Visitor: 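Structure incoming, see below.
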Amino acid sequence: MIKFFEKDPYAPVQYVYEVERVLYKSKSNFQEIMVIENAFFGKMLILDGVVQITEKDEFFYHEMLVHVLMHSHPNPKNVAVIGGGDGGAVREVLKHQCVEKVYFVEIDEEVINVSRKFFPEVSCNVDNPKVAIKCIDGAEFIKDKTGELDVIIVDSTDIIGFAKSLFTVEFFKSVKNALTDEGMFVTLSESLHFHRDLVVEVQEALRLIFPVVDLYTAPIATYAGNWWTFSAASKKLGLRDMRRKYNIDTRYFDEEIFHQSFLPLKIYEKLLNKRLPW
Ligand code: SAM
């Protein structure tokens, strides 16, 4: 049996997956794209040697990336998903009837096409009429927007290479400028077990720009470190309040998960002050 050895740039461990079949392998203008099949996880999308999604567990990540802030925000109508070429985040955003427009800003069109072909249940809504697909760098896209987006969601690859442009103070400034007065922002920020310095770095950068910054987490089986973090920020409203009723169809997220996902305040404070006892 062939094996796939993941090449995660930051992880102190290496995951190895048995490969039933290699379904696709090619190089786009931006990265190497591969789709393999594993007996337990089903089809897996791999970019530059790093697992992005698996059929088995993608919903944990996509639901948690999207629905927490979509419930903190009182009435999200205009949303931007930056990255997220597989379409999973867009699928979740469109579960909210109040959403009128979704900018889907993926630098690599090839990822969207591969996902259309191999992950129809993930990419199922990328061609919805409410979605405007923009194949450019998210940092460039956001620069031109002023006060018009309710929620901005970053679903990028790890914080290296061209994804780095989405984690700079400059980018966070543009995000703030692009948001409406009650606007909110969320981005992945790696694992609390393995990448704590990175988590704190993203939090500190957001704190330079936004008055409200917070952190919530979710268990993701296929991302190294597993205890995955999402860094969130808001121009005005607190993020821990659930302002909308939960009435969408999800497999993991619900009201209880919303509240439970935010890092307990004492732990959060210790994390930021670099005083966690482990
Ligand atoms: N859920 C996945 C994870 O955390 O591993 C991310 C999946 S999604 C496929 C990541 C996408 O972000 C990739 O398709 C990549 O091309 C895109 N991306 C990375 N940097 C970007 C940028 N600066 N602007 C727009 N898209 C970007």
Side-chain angles (χ1 to χ4, degrees), residues 1-63 65 81-92 104-128 131 133-141 153-167 187-188 190-191 194-195 220-226 228:
M1 171 93 51
I2 319 170
K3 291 199 163 87
F4 162 68
F5 291 78
E6 189 175 32
K7 290 192 220 88
D8 190 315
Y10 298 116
V13 296
Q14 185 172 35
Y15 290 162
V16 184
Y17 296 88
E18 290 194 333
V19 180
E20 304 274 306
R21 282 186 306 158
V22 178
L23 297 169
Y24 182 88
K25 191 171 176 180
S26 170
K27 223 170 158 40
S28 72
N29 290 336
F30 296 92
Q31 53 210 335
E32 186 194 79
I33 305 177
M34 193 159 77
V35 180
I36 62 170
E37 194 158 358
N38 169 272
F40 183 81
F41 289 107
K43 280 184 247 167
M44 304 173 63
L45 174 68
I46 294 156
L47 298 180
D48 279 344
V50 182
V51 174
Q52 304 294 308
I53 59 163
T54 82
E55 276 183 321
K56 175 103 176 164
D57 77 340
E58 55 84 14
F59 67 92
F60 278 101
Y61 173 79
H62 290 130
E63 290 184 7
L65 176 67
V81 171
I82 297 181
D86 49 73
V90 169
R91 177 194 67 197
E92 296 303 319
F104 175 22
V105 191
E106 163 61 59
I107 202 168
D108 190 349
E109 189 172 15
E110 208 39 41
V111 178
I112 305 177
N113 291 334
V114 166
S115 192
R116 278 196 186 101
K117 179 158 182 210
F118 293 101
F119 297 91
E121 281 165 22
V122 181
S123 62
C124 52
N125 242 333
V126 298
D127 298 310
N128 185 295
V131 178
I133 301 181
K134 310 274 175 194
C135 291
I136 53 169
D137 187 322
E140 287 304 312
F141 169 83
I153 298 167
V154 166
D155 180 14
S156 74
T157 33
D158 285 314
I159 313 176
I160 53 163
F162 49 86
K164 263 193 174 161
S165 66
L166 306 177
F167 293 88
T187 183
L188 64 109
E190 311 282 337
S191 151
F194 288 171
H195 319 115
I220 316 283
T222 45
Y223 294 166
N226 310 114
W228 210 246

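Each residue takes its place number in the sequence, starting with 1. Remember, it's a predicted structure, so these values are computed and weren't measured experimentally.
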Visitor: Determine whether a donor-acceptor pair (N or O, by modelled atom type, separation under 3.5 Å) exists between the side chain of K7 and the backbone of V50.
Guide: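 No: the side chain of K7 does not pair with the backbone of V50.
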
Visitor: Would you say D155's side chain and G83's backbone share a donor-acceptor pair under 3.5 angstrom?
Guide: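 No, D155 side chain to G83 backbone: no donor-acceptor pair under 3.5 Å.
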
Visitor: Is the centre of the Y61 ring less than 6.0 Å from the centre of the Y223 ring?
Guide: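 Yes, the ring centres sit under 6.0 Å apart.
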
Visitor: Report the C-alpha distance between Y17 and K3 in whole Å, list the side-chain angles of each, state the deciding distance to 0.1 Å, and finish with yes or no for side chain to side chain contact (heavy atoms under 4.5 Å, CB included).
Guide: CA-CA 6 Å; Y17 296 88; K3 291 199 163 87; over 6 Å; no

Visitor: Can you see which heavy atom on S28 is nearest to which on E110, and at what distance?
Guide: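 Between these two residues, the closest heavy atoms are CB-CB, 3.8 Å.
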
Visitor: Determine whether F4 and E6 make a side-chain contact, defined as any pair of heavy atoms from C-beta on separated by less than 4.5 Å.
Guide: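 Yes. Closest side-chain heavy atoms under 4.5 Å.
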
Visitor: Keeping S123 on the side-chain end and G87 on the backbone end, is there a donor-acceptor pair under 3.5 Å?
Guide: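 Checking the backbone N and O of G87 against the side chain of S123, no donor-acceptor pair under 3.5 Å is found.
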
Visitor: So, do V111 and L45 sit near enough that their side-chain heavy atoms are less than 4.5 Å apart?
Guide: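 Contact flag for V111/L45 side chains = yes.
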
Visitor: Working to the nearest 0.5 angstrom, can you tell me the gap between L65 CG and E92 CD?
Guide: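 The CD atom of E92 is 9.5 Å from CG of L65, to the nearest 0.5 Å.
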
Visitor: Calculate, to the nearest 0.5 Å, the distance between atoms CD1 and CZ belonging to I2 and R21 respectively.
Guide: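 Between atom CD1 of I2 and atom CZ of R21 there are 11.5 Å.
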
Visitor: Could you pull out the closest heavy-atom pair between A224 and S191, with the gap in Å?
Guide: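 A224 and S191 have their closest heavy atoms at O-CB, 3.5 Å.
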
Visitor: Mind checking the CG-OG1 spacing from L166 to T157? Nearest 0.5 Å is all I need.
Guide: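 That separation rounds to 8.0 Å.
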
Visitor: Please find the pair of heavy atoms, one from K43 and one from F118, that lie closest to each other, and give the distance.
Guide: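 Between these two residues, the closest heavy atoms are NZ-O, 2.8 Å.
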
Visitor: Minimum heavy-atom separation for F167 to A163, with atom names?
Guide: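 Closest approach of F167 to A163, heavy atoms only: CD1-O, 3.3 Å.
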
Visitor: Less than 4.5 Å apart, any side-chain heavy atom of Y24 and any of I36?
Guide: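 When only atoms from C-beta onward are counted, I36 and Y24 do not touch, as no gap falls below 4.5 Å.
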
Visitor: Can you tell if the side chain of F5 reaches within under 4.5 Å of the side chain of Q14, non-hydrogen atoms only?
Guide: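 Heavy-atom side-chain distance check passes, below 4.5 Å.
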
Visitor: Assess whether atom CD of E109 is packed by more than 12 heavy atoms of other residues, nucleotides or ligands within 6.0 Å.
Guide: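 Open: at most 12 neighbouring heavy atoms sit under 6.0 Å from CD of E109.
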
Visitor: Identify the heavy atoms of E18 and M1 that sit nearest to each other, and give their distance.
Guide: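 Of all heavy-atom pairs spanning E18 and M1, the closest is CB-CG, 3.9 Å.
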
Visitor: Determine the sole option in H62, Q52, R116 for which the side chain to side chain donor-acceptor pair (under 3.5 Å) test with D86 is passed.
Guide: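 Exactly one candidate clears the test, H62.
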
Visitor: Quick one: pull up OG1 in T222 and CZ in F60 and give me the separation to the nearest 0.5 Å.
Guide: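 Those atoms lie 10.0 Å apart.
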
Visitor: Counting N and O atoms only, with roles assigned by atom type, does the side chain of R91 sit under 3.5 Å from a partner on the main chain of V126, one being a donor and the other an acceptor?
Guide: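 Checked: no pair found.
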
Visitor: Side chains of D108 and Q31: does their closest heavy-atom pair fall under 4.5 Å?
Guide: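 A side-chain contact exists here, since the closest heavy-atom pair is under 4.5 Å.
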
Visitor: Counting N and O atoms only, with roles assigned by atom type, does the side chain of Y10 sit under 3.5 Å from a partner on the main chain of I159, one being a donor and the other an acceptor?
Guide: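 Such a contact is found between Y10 side chain and I159 backbone.
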
Visitor: Does a side-chain heavy-atom distance below 4.5 Å link I133 with I112?
Guide: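 Yes; the side chains approach each other to less than 4.5 Å.
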
Visitor: Which distance, rounded to the nearest 0.5 Å, do you find between the NZ of K27 and the CD of E32?
Guide: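 Answer for the NZ-CD pair, K27 versus E32, is 6.0 Å.
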
Visitor: Flag the pair I82 / S156 as yes when at least one side-chain heavy-atom distance between them is below 4.5 Å, and no otherwise.
Guide: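 SC-SC contact between I82 and S156 ruled out.
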
Visitor: Going from CG on L23 to CD on E20, what distance comes out if it is rounded to the nearest 0.5 angstrom?
Guide: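 One finds 10.5 Å between CG of L23 and CD of E20.
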
Visitor: For residues L47 and I33, determine if any side-chain heavy atom of one lies less than 4.5 Å from a side-chain heavy atom of the other.
Guide: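 Side chain of L47 against side chain of I33, heavy atoms only: contact under 4.5 Å found.
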
Visitor: One pair to check against side chain to side chain contact (heavy atoms under 4.5 Å, CB included): D8 and D158. What are the steps and the verdict?
Guide: CA-CA 8 Å; D8 190 315; D158 285 314; 4.1 Å; yes

Visitor: Does the pair I46 and V35 meet the rule for a side chain to side chain contact (heavy atoms under 4.5 Å, CB included), with working shown?
Guide: CA-CA 6 Å; I46 294 156; V35 180; over 6 Å; no

Visitor: Check whether NZ of the Lys or CZ of the Arg K56 lies under 6.0 Å from the centre of the six-membered ring of F40 and within 45 degrees of that ring's axis.
Guide: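 Here K56 passes the 6.0 Å and 45° test against F40.
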
Visitor: May I ask you to decide if G85's main-chain N or O and E106's side chain share a donor-acceptor pair within less than 3.5 Å?
Guide: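 Indeed, once roles are kept as given, a pair shorter than 3.5 Å links the two residues.
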
Visitor: Between N38 and F41 (side chain of the first, backbone of the second, donor and acceptor by atom type, cut-off under 3.5 Å), is there such a pair?
Guide: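 Yes, N38 side chain to F41 backbone: donor-acceptor pair under 3.5 Å.
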
